[in-house]
Amino acid sequence: MNKKISIYLSLGSNIGNRRKNLELAVKELENNNIKLIKLSSLYETKPVGPKQRNFYNIAGNFITDFNPQDLLKVIKDIEKKLGRKKTYHWGPRVIDIDILFYGTQIIKSDNLIIPHKEIQNREFVLVPLKEISPEFVHPVYKKTITMLHNMLYNSMDRKCLIER
(Lines give C-alpha, C1' and ligand atoms only; values in the text may rest on other atoms or scores of the structure.)
Protein backbone atom coordinates (compact mmCIF):
# COMPACT_ATOMS: atom_id res chain seq x y z
CA MET A 1 0.00 0.00 0.00
CA ASN A 2 1.17 3.48 -0.87
CA LYS A 3 1.01 6.36 1.55
CA LYS A 4 -2.25 8.34 1.63
CA ILE A 5 -2.02 11.57 -0.32
CA SER A 6 -4.25 14.60 -0.65
CA ILE A 7 -5.45 15.23 -4.20
CA TYR A 8 -7.69 17.79 -5.87
CA LEU A 9 -10.08 16.87 -8.66
CA SER A 10 -12.28 18.95 -10.94
CA LEU A 11 -15.56 17.42 -12.10
CA GLY A 12 -17.88 18.66 -14.82
CA SER A 13 -20.98 17.54 -16.71
CA ASN A 14 -23.17 19.00 -19.45
CA ILE A 15 -25.18 16.02 -20.72
CA GLY A 16 -28.30 14.61 -19.07
CA ASN A 17 -28.94 15.27 -15.39
CA ARG A 18 -25.76 17.21 -14.70
CA ARG A 19 -26.20 17.39 -10.92
CA LYS A 20 -26.91 13.65 -10.68
CA ASN A 21 -23.91 12.85 -12.90
CA LEU A 22 -21.63 14.76 -10.51
CA GLU A 23 -23.18 13.09 -7.46
CA LEU A 24 -22.71 9.64 -9.03
CA ALA A 25 -19.10 10.44 -9.93
CA VAL A 26 -18.27 11.45 -6.34
CA LYS A 27 -19.97 8.28 -5.09
CA GLU A 28 -17.95 6.16 -7.55
CA LEU A 29 -14.72 7.84 -6.50
CA GLU A 30 -15.48 7.00 -2.87
CA ASN A 31 -16.39 3.41 -3.84
CA ASN A 32 -12.93 3.16 -5.41
CA ASN A 33 -10.81 4.16 -2.41
CA ILE A 34 -10.74 7.87 -3.25
CA LYS A 35 -12.15 9.37 -0.04
CA LEU A 36 -13.88 12.75 -0.15
CA ILE A 37 -12.56 15.33 2.33
CA LYS A 38 -14.21 18.52 1.07
CA LEU A 39 -16.49 19.36 -1.86
CA SER A 40 -17.21 22.77 -3.37
CA SER A 41 -20.58 24.23 -4.20
CA LEU A 42 -22.02 23.56 -7.64
CA TYR A 43 -21.29 26.14 -10.35
CA GLU A 44 -22.85 26.52 -13.77
CA THR A 45 -20.33 27.60 -16.40
CA LYS A 46 -20.22 28.42 -20.06
CA PRO A 47 -18.35 25.80 -22.11
CA VAL A 48 -14.88 26.39 -23.51
CA GLY A 49 -14.80 25.86 -27.27
CA PRO A 50 -17.80 24.82 -29.38
CA LYS A 51 -21.32 26.07 -28.60
CA GLN A 52 -23.10 23.59 -26.35
CA ARG A 53 -25.07 23.32 -23.13
CA ASN A 54 -23.59 24.93 -19.99
CA PHE A 55 -21.59 22.74 -17.63
CA TYR A 56 -22.11 22.09 -13.96
CA ASN A 57 -18.71 22.07 -12.21
CA ILE A 58 -17.41 21.18 -8.76
CA ALA A 59 -13.99 20.68 -7.21
CA GLY A 60 -13.11 18.25 -4.48
CA ASN A 61 -10.30 17.49 -2.11
CA PHE A 62 -9.84 13.74 -1.72
CA ILE A 63 -7.42 11.34 -0.03
CA THR A 64 -6.16 8.24 -1.82
CA ASP A 65 -3.30 5.80 -1.80
CA PHE A 66 -3.29 5.30 -5.58
CA ASN A 67 -0.17 6.37 -7.40
CA PRO A 68 -0.85 8.98 -10.13
CA GLN A 69 -1.03 6.51 -13.03
CA ASP A 70 -3.36 4.13 -11.18
CA LEU A 71 -5.49 7.11 -10.10
CA LEU A 72 -5.81 8.17 -13.75
CA LYS A 73 -6.86 4.64 -14.73
CA VAL A 74 -9.53 4.50 -11.99
CA ILE A 75 -10.86 7.92 -13.04
CA LYS A 76 -11.03 6.91 -16.73
CA ASP A 77 -12.86 3.69 -15.72
CA ILE A 78 -15.37 5.72 -13.67
CA GLU A 79 -15.96 8.13 -16.56
CA LYS A 80 -16.59 5.18 -18.88
CA LYS A 81 -18.90 3.47 -16.36
CA LEU A 82 -20.97 6.66 -16.06
CA GLY A 83 -21.38 6.84 -19.83
CA ARG A 84 -18.63 9.09 -21.11
CA LYS A 85 -18.01 8.56 -24.80
CA LYS A 86 -15.13 9.83 -26.92
CA THR A 87 -16.32 12.85 -28.91
CA TYR A 88 -14.40 15.82 -30.19
CA HIS A 89 -11.99 18.18 -28.40
CA TRP A 90 -13.90 20.22 -25.78
CA GLY A 91 -17.10 18.38 -26.75
CA PRO A 92 -20.09 17.65 -24.49
CA ARG A 93 -19.56 15.16 -21.67
CA VAL A 94 -21.70 13.13 -19.29
CA ILE A 95 -18.80 13.39 -16.87
CA ASP A 96 -15.30 14.81 -16.97
CA ILE A 97 -12.91 14.25 -14.06
CA ASP A 98 -9.53 15.96 -14.10
CA ILE A 99 -6.67 15.51 -11.66
CA LEU A 100 -5.68 19.05 -10.66
CA PHE A 101 -3.11 18.34 -7.96
CA TYR A 102 -1.50 15.20 -6.54
CA GLY A 103 -0.12 16.50 -3.26
CA THR A 104 2.47 19.03 -4.33
CA GLN A 105 4.09 16.73 -6.87
CA ILE A 106 4.95 17.81 -10.39
CA ILE A 107 4.42 14.96 -12.84
CA LYS A 108 5.02 14.98 -16.60
CA SER A 109 4.50 11.83 -18.62
CA ASP A 110 3.06 11.01 -22.04
CA ASN A 111 -0.47 10.60 -20.68
CA LEU A 112 -0.47 12.67 -17.48
CA ILE A 113 0.54 16.19 -16.50
CA ILE A 114 0.07 17.26 -12.87
CA PRO A 115 -0.64 19.96 -11.88
CA HIS A 116 -3.23 20.16 -14.66
CA LYS A 117 -1.73 22.56 -17.18
CA GLU A 118 -4.84 24.78 -17.55
CA ILE A 119 -5.72 25.47 -13.89
CA GLN A 120 -4.51 29.07 -13.98
CA ASN A 121 -6.60 29.79 -17.12
CA ARG A 122 -9.90 28.25 -16.05
CA GLU A 123 -12.29 30.18 -13.88
CA PHE A 124 -14.55 27.11 -13.71
CA VAL A 125 -11.68 25.32 -11.95
CA LEU A 126 -10.29 28.16 -9.85
CA VAL A 127 -13.57 29.37 -8.30
CA PRO A 128 -14.64 26.00 -6.84
CA LEU A 129 -11.03 25.25 -5.87
CA LYS A 130 -10.71 28.62 -4.13
CA GLU A 131 -13.88 27.86 -2.17
CA ILE A 132 -12.45 24.66 -0.67
CA SER A 133 -8.73 25.45 -0.49
CA PRO A 134 -7.96 29.15 -1.02
CA GLU A 135 -4.45 28.96 0.47
CA PHE A 136 -3.25 25.87 -1.43
CA VAL A 137 -0.04 26.82 -3.24
CA HIS A 138 0.32 25.77 -6.88
CA PRO A 139 3.64 23.88 -6.93
CA VAL A 140 4.70 25.28 -10.32
CA TYR A 141 3.56 28.91 -10.07
CA LYS A 142 4.21 29.21 -6.31
CA LYS A 143 1.00 31.20 -5.88
CA THR A 144 -2.11 30.41 -3.83
CA ILE A 145 -5.35 29.47 -5.55
CA THR A 146 -6.76 32.82 -4.43
CA MET A 147 -3.87 34.67 -6.04
CA LEU A 148 -4.23 32.71 -9.30
CA HIS A 149 -7.97 33.41 -9.35
CA ASN A 150 -7.47 37.12 -8.71
CA MET A 151 -4.89 37.31 -11.50
CA LEU A 152 -7.26 35.56 -13.93
CA TYR A 153 -10.33 37.51 -12.86
CA ASN A 154 -8.54 40.84 -13.23
CA SER A 155 -7.58 39.88 -16.78
CA MET A 156 -11.12 38.85 -17.81
CA ASP A 157 -13.80 40.97 -19.43
CA ARG A 158 -16.70 39.03 -17.92
CA LYS A 159 -17.59 36.53 -15.25
CA CYS A 160 -18.83 33.20 -16.60
CA LEU A 161 -19.91 31.50 -13.39
CA ILE A 162 -23.27 31.29 -11.71
CA GLU A 163 -23.34 29.63 -8.30
CA ARG A 164 -26.14 27.06 -7.92
Side-chain angles (χ1 to χ4, degrees), residues 1-45 54-86 92-149 161-164:
M1 270 307 201
N2 293 321
K3 185 177 148 243
K4 298 270 186 204
I5 191 152
S6 175
I7 63 169
Y8 288 91
L9 304 176
S10 175
L11 295 84
S13 174
N14 78 335
I15 294 176
N17 186 334
R18 298 168 291 176
R19 182 183 304 266
K20 188 78 169 161
N21 294 341
L22 294 171
E23 290 170 359
L24 288 171
V26 170
K27 199 171 288 184
E28 282 297 319
L29 288 163
E30 291 218 275
N31 289 343
N32 282 277
N33 196 31
I34 303 167
K35 183 181 181 318
L36 178 64
I37 302 303
K38 193 169 188 180
L39 195 64
S40 75
S41 301
L42 180 70
Y43 295 87
E44 183 171 9
T45 65
N54 284 351
F55 276 84
Y56 278 4
N57 293 96
I58 56 175
N61 176 212
F62 298 82
I63 298 279
T64 190
D65 58 6
F66 285 116
N67 68 48
Q69 288 295 334
D70 289 341
L71 176 63
L72 179 63
K73 182 183 181 331
V74 169
I75 285 171
K76 293 300 172 195
D77 289 346
I78 289 170
E79 288 179 337
K80 189 174 180 182
K81 179 179 180 179
L82 295 180
R84 178 159 181 184
K85 306 246 188 299
K86 278 276 190 204
R93 285 156 272 195
V94 169
I95 193 69
D96 183 34
I97 305 170
D98 288 328
I99 304 169
L100 301 175
F101 298 106
Y102 186 89
T104 57
Q105 292 185 34
I106 298 169
I107 300 161
K108 288 184 181 174
S109 68
D110 290 343
N111 68 335
L112 186 60
I113 297 173
I114 300 173
H116 191 285
K117 63 184 179 181
E118 291 296 325
I119 292 169
Q120 70 284 354
N121 300 319
R122 303 280 195 249
E123 192 179 24
F124 66 84
V125 171
L126 287 172
V127 170
L129 199 52
K130 180 177 145 183
E131 179 189 332
I132 62 170
S133 196
E135 298 306 313
F136 184 84
V137 176
H138 192 296
V140 173
Y141 296 111
K142 308 291 188 217
K143 296 188 182 325
T144 66
I145 298 305
T146 298
M147 291 166 71
L148 289 173
H149 176 256
L161 294 168
I162 307 159
E163 189 170 354
R164 288 278 172 197

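All residue numbers in this chain count up from 1 along the given sequence.
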Report task. For residues E131 and Y43, report the shortest heavy-atom separation together with the two atoms involved. Result -> OE1-OH, 2.6 Å
Query raised in the report: Between N67 and K73, does a side chain to side chain contact (heavy atoms under 4.5 Å, CB included) hold up when you go through it step by step?
Result: CA-CA 10 Å; N67 68 48; K73 182 183 181 331; over 6 Å; no
Query raised in the report: With side chains defined as the heavy atoms from C-beta onward, is the minimum distance between L148 and K130 less than 4.5 Å?
Result: no
**Report entry** Near-ring test F136/F101, centroid separation under 6.0 angstrom
**Finding:** yes
Query - Residue pair V74 / D70, side-chain heavy-atom distance below 4.5 Å - result: no
Report task. Would you name the heavy atoms of N21 and I95 that are closest together and state the gap between them? Result -> O-CD1, 3.8 Å
**Report entry** Between OG1 on residue T64 and CD1 on residue I75, distance to nearest 0.5 Å
**Finding:** 8.5 Å
Report task. Please assess M147 against V137 for the test side chain to side chain contact (heavy atoms under 4.5 Å, CB included), listing each intermediate value before the final yes or no. Result -> CA-CA 9 Å; M147 291 166 71; V137 176; over 6 Å; no
Query raised in the report: Under 3.5 Å, side chain of D96 to main-chain N/O of S13, donor-acceptor pair present?
Result: no
Requested in this report: Start with the C-alpha distance between V127 and T45, add both sets of side-chain angles, then the distance that settles side chain to side chain contact (heavy atoms under 4.5 Å, CB included), and finish with yes or no.
Outcome: CA-CA 11 Å; V127 170; T45 65; over 6 Å; no
Report summary line: In this structure, OG of S109 is separated from CG of L72 (nearest 0.5 Å) by 8.0 Å
Requested in this report: Enter the distance from N33:CG to F62:CZ here, rounded to the nearest 0.5 Å.
Outcome: 12.5 Å
Query raised in the report: Under 3.5 Å, is there a donor-acceptor pair between the side chain of E123 and the main chain of Q120?
Result: no
Query raised in the report: Looking only at heavy atoms, which two atoms of E30 and L36 are closest? And how far apart?
Result: OE2-N, 3.0 Å
Query raised in the report: Less than 4.5 Å apart, any side-chain heavy atom of P134 and any of T144?
Result: no
Query raised in the report: Can you name the closest pair of heavy atoms from N54 and N14 and give their distance?
Result: O-CB, 3.2 Å
Query - Rounded distance [0.5 Å steps], NZ in K3 versus CD1 in I5 - result: 6.0 Å
**Report entry** E79/K76 ion pair, N-O < 4.0 Å
**Finding:** yes
Report task. Return the minimal non-hydrogen interatomic distance between I58 and S41, and the atom names on each side. Result -> CG2-O, 3.5 Å
Query raised in the report: If every non-hydrogen atom of I107 is compared with every non-hydrogen atom of P68, which pair is closest and at what distance?
Result: CD1-CG, 3.3 Å
Query - Rounded distance (nearest 0.5 Å) linking atom CG of L71 with atom CD1 of I34 - result: 5.0 Å
Query - I99, V125, I119, I132 screened by side chain to side chain contact (heavy atoms under 4.5 Å, CB included) with Y8, the one that passes - result: I132
Query raised in the report: Got a second to check how far I106's CD1 is from I113's CD1, nearest 0.5 Å?
Result: 12.0 Å
Query raised in the report: Can you check side chain to side chain contact (heavy atoms under 4.5 Å, CB included) on I114 and Q105, steps first, answer last?
Result: CA-CA 7 Å; I114 300 173; Q105 292 185 34; 5.9 Å; no
Query - N-O pairing of E44 and R18 below 4.0 Å - result: yes
Query raised in the report: For S10 and N57, does a side-chain donor sit closer than 3.5 Å to a side-chain acceptor?
Result: no
